[in-house]
Novice: 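To start, I am sharing the structure in question, which I have written as structure tokens.
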Amino acid sequence: MTLFAQTIYNIVRRIPKGQTMTYKEVARAAGRPKAYRAVGNILNKNYDPNILCHRVIRSDGSMGGYNRGASTKAKRLKEEKVHNPT
DNA sequence: CGTATGACGTGCA
DNA sequence: GTGCACGCCATAC
């Protein structure tokens, strides 16, 4: 566990329900606005269900991937926020 | 220390 | 609008 990862998890857990953050936003909040690659990398390696990693999506509005499966992420987003993904 | 990988982002065809 | 290629940062080997 590195400081970077801890920061990422900390920020992601702070994401309120009904809201989503892009990897870029999280990376920026972590202090590395250009480290969105690493952000995704860390979240990918992270399998802690306590982390609201499903609230983190891509800048395009795509959900990207998910450690439990993109389907789960999509469903969770639908129940939490995304009722109608444009 | 150097190389390879990845839940990404942006640019071009 | 979709698909391909390049660049970015951090982690793992």
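Naming: A, B, ... by sequence-line order, numbering from 1 per chain.
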Novice: Only counting residues at least two apart or in another chain, list the ones meeting side chain to side chain donor-acceptor pair (under 3.5 Å) with A:R28.
Specialist: A:E25
Novice: List the steps, then state whether side chain to side chain contact (heavy atoms under 4.5 Å, CB included) holds for A:S62 with A:I57.
Specialist: CA-CA 6 Å; A:S62 311; A:I57 61 176; over 6 Å; no
Novice: Nearest heavy atom decides the nucleotide; on that basis, is A:I57 or A:A38 closer to the 5' end of DNA chain B?
Specialist: A:A38
Novice: Can you check whether A:R32 has a side-chain N or O nearer than 4.0 Å to OP1 or OP2 of C:dA10?
Specialist: yes
Novice: For C:dT11 and A:T2 - does any side-chain N or O of the residue sit under 4.0 Å from the phosphate oxygens OP1/OP2?
Specialist: yes
Novice: Taking DNA chain C as the partner, which of residues 3-14 of chain A come within under 4.0 angstrom of it by heavy atom?
Specialist: A:F4
Novice: To the nearest Å, how far apart are A:I51 CD1 and B:dA7 P?
Specialist: 18 Å
Novice: Under 4.0 Å from any atom of DNA chain C, heavy atoms only: list the residues of residues 41-49 of chain A that qualify, in numerical order.
Specialist: A:N41, A:K45
Novice: Please enumerate all protein N or O atoms sitting under 3.5 Å from an N or O of nucleotides 10-13 of chain B, with distances to 0.1 Å.
Specialist:
from, atom 1, to, atom 2, distance (Å)
B:dT10, OP1, A:K24, NZ, 2.6

Novice: Linking Ile, Leu, Val, Met, Phe, Trp and Tyr through side-chain heavy atoms less than 4.5 Å apart, which residues share a cluster with A:Y36?
Specialist: A:M1, A:F4, A:I8, A:Y9, A:I11, A:V12, A:I15, A:M21, A:Y23, A:V26, A:V39, A:I42, A:L43, A:I51, A:L52, A:V56
Novice: Is the CZ atom of A:R68 crowded by more than 12 outside heavy atoms at less than 6.0 Å?
Specialist: yes
Novice: At less than 3.5 Å, do the side-chain atoms of A:Y23 and the base atoms of B:dA7 form a donor-acceptor pair?
Specialist: yes
Novice: Base of C:dG7, side chain of A:R37 - is there a donor-acceptor contact under 3.5 Å?
Specialist: yes
Novice: Under the salt bridge (Lys or Arg N to Asp or Glu O under 4.0 Å) definition, can you give me all pairs with a residue in residues 44-55 of chain A, not counting sequence neighbours?
Specialist: A:R55-A:E80
